[in-house]
Amino acid sequence: MDNKSLGEFDNWNLLKEDPRTCVYKATLDNAPVIIKTYRLENPLHRLQFWRKSVKVKDFYRDAGEQLKLSMFLSAGLFPDKRKGYLCYRYINGKDFRMIDWGALPERTALSLMEQAAELLRQLHKKGWVHGDFKFGNLLYCKEQDAVYLLDVEGLGKPFLGGATKGRDVARFLLNGLELSVPKRYLEFFWRSYSREFAEPETRQLKQHTKRWLEKLGQRHQRRYGRAVSLEQLTFL
């Protein structure tokens, strides 16, 4: 996890860009890597980036074998200190948004939902919440028949117990509805995730999840024009 010189990275190709971040695919020691860069316009941004990098390193120390993650390789600043970067080992696969869930064999679909639920359950068991647990942040590597968790830079420790866990669950279920994923697969995800909870905890988590579904659903409708019927989730 030592910092790398930027000169050690080759063949930078831009994959995604927004006003604050860029994502590149590059090579390091002839192996593909993903580099996420952050624009740091002032000392406050640099402090925030330093905290983010420390949090990511702490999380990777906590993760253990139960969580499938792309190996974290390096964090550092560009020479002018106007950008910071986090580097991860590249994993070849497709994220859950790219999967045709309606055409996928049911056995495969249930396996992917089981793995996604296990990732989230283990994440929460370790005391972390993801904050953006959606289909675009889950990567299916067909060669390994494994699901990997992506975009961990925004994760944190919960302060409201089940409420923040419920947000992760709600974010996933809402995104599934928006992508027209068959309801039986979303129900299987919920039952896989919640199967180890005692009944009082399950009831509480259902309540928090419903509240977050309503809140996030209204937000997505305002921002993106996405309107879905939450009544489809009859299992909650």
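Counting heavy atoms from C-beta on, the side chains of Tyr140 and Asp145 come closer than 4.5 Å. Annotation: side chain of Leu77 is not in contact with side chain of Tyr85 (no heavy-atom distance under 4.5 Å). Proximity of Leu40 to Lys81: side-chain heavy atoms (C-beta onward) are nowhere separated by under 4.5 Å. Residues Tyr38 and Glu153 have side chains in contact (heavy-atom distance under 4.5 Å, counting atoms from C-beta outward). Side-chain contact check for Leu112 versus Phe188: every heavy-atom pair is 4.5 Å or farther apart. Here the side chains of Phe135 and Asp95 are not in contact, with every heavy-atom distance at 4.5 Å or above. Counting heavy atoms from C-beta on, the side chains of Leu14 and Cys22 come closer than 4.5 Å. Using a 4.5 Å cut-off on side-chain heavy atoms (C-beta onward), Leu213 and Leu236 make contact.
Annotation: cation-pi pair Arg46/Phe49 absent, no NZ/CZ under 6.0 Å from the ring centroid and within 45° of its normal. A cation-pi arrangement, defined by a distance under 6.0 Å to the six-membered ring centre and an angle within 45 degrees of its axis, is absent between Lys25 and Trp12.
Judged as a side chain to side chain donor-acceptor pair (under 3.5 Å), and not counting sequence neighbours, Thr108 has no contacts. In this structure Glu17 satisfies the side chain to side chain donor-acceptor pair (under 3.5 Å) test together with Arg39, sequence neighbours excluded. Contacts of Ser229 classified as side chain to side chain donor-acceptor pair (under 3.5 Å), with partners at least two apart in sequence or in another chain: none. For Phe189, the ring pair (Phe, Tyr, Trp, His ring centres under 6.0 Å) partners are Phe172, not counting sequence neighbours. The ring pair (Phe, Tyr, Trp, His ring centres under 6.0 Å) test applied to Tyr148 returns no partner, not counting sequence neighbours. Here Arg211 pairs with nothing under the salt bridge (Lys or Arg N to Asp or Glu O under 4.0 Å) rule; sequence neighbours left out.
At a cut-off of 3.5 Å, with distance as the only test, a side-chain donor of Thr234 or Lys183 sits close to an acceptor on the other residue. Tyr88 and Ser74 share no donor-acceptor pair across their side chains, judged by distance under 3.5 Å alone. Side-chain contact annotation: Gln218 with Glu214, donor-acceptor N/O pair under 3.5 Å absent. Using modelled atom types, one finds a donor on one side chain and an acceptor on the other under 3.5 Å when comparing Asp168 with His124.
Comment: Glu201 does not engage Lys206 in a salt bridge, judged by the lack of any side-chain N to carboxylate O separation of less than 4.0 angstrom.
Looking only at distances, no side-chain donor or acceptor of Ser111 sits under 3.5 Å from a matching main-chain atom of Arg107. Between the Ser53 side chain and the Trp50 main chain, a donor and an acceptor come within less than 3.5 Å of each other. Side-chain atoms of Asp10 do not come within 3.5 Å of backbone N or O of Ala26 as any donor-acceptor pair. Between the side chain of Trp101 and the backbone N or O of Phe96 there is at least one donor-acceptor pair closer than 3.5 Å. For the pair Asp132 (side chain) and His130 (backbone), a donor-acceptor distance under 3.5 Å is absent. With hydrogens and angles disregarded, a donor-acceptor distance shorter than 3.5 Å links the side chain of Gln115 to the backbone of Val147. Without hydrogens or angle criteria, Asp100 side chain to Gly102 main chain gives a donor-acceptor distance under 3.5 Å.
Taken together through direct or relayed side-chain contacts under 4.5 Å among Ile, Leu, Val, Met, Phe, Trp and Tyr, Phe133 and Leu205 form part of one hydrophobic cluster. Hydrophobic clustering keeps Leu139 apart from Val152 (ILVMFWY residues linked when any side-chain heavy atoms are closer than 4.5 Å, directly or through intermediates). Both Phe197 and Leu123 are members of a single hydrophobic cluster when ILVMFWY side chains are connected at heavy-atom separations under 4.5 Å. By the criterion of side-chain heavy atoms lying less than 4.5 angstrom apart, applied directly or through intervening Ile, Leu, Val, Met, Phe, Trp or Tyr residues, Leu233 is grouped together with Leu120 in one hydrophobic cluster.
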What verdict does the side-chain contact (heavy atoms from CB on, under 4.5 Å) test give for Glu106 and Leu110, after you've listed the backbone C-alpha separation in whole Å, the side-chain angles of each residue and the deciding distance to 0.1 Å?
CA-CA 6 Å; Glu106 182 161 321; Leu110 294 179; 3.9 Å; yes
For the pair Glu41 and Lys83, evaluate salt bridge (Lys or Arg N to Asp or Glu O under 4.0 Å) and give the outcome as yes or no after the intermediate values.
CA-CA 8 Å; Glu41 298 173 354; Lys83 286 184 181 180; over 6 Å; no
Report the C-alpha separation of Asp151 and Lys36 in whole Å, then their side-chain angles, then the decisive distance to 0.1 Å, and conclude whether the salt bridge (Lys or Arg N to Asp or Glu O under 4.0 Å) test is met.
CA-CA 10 Å; Asp151 197 19; Lys36 190 168 186 179; 3.0 Å; yes
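Residue Leu216 holds its CG atom at 11.5 Å from NZ of Lys134, rounded to the nearest 0.5 Å. Here the CZ-CD distance, from Arg184 to Glu187, works out to 11.0 Å after rounding to the nearest 0.5 Å.
Aromatic ring orientation, Phe72 versus Tyr60: tilted (interplanar angle from 30° to 60°).
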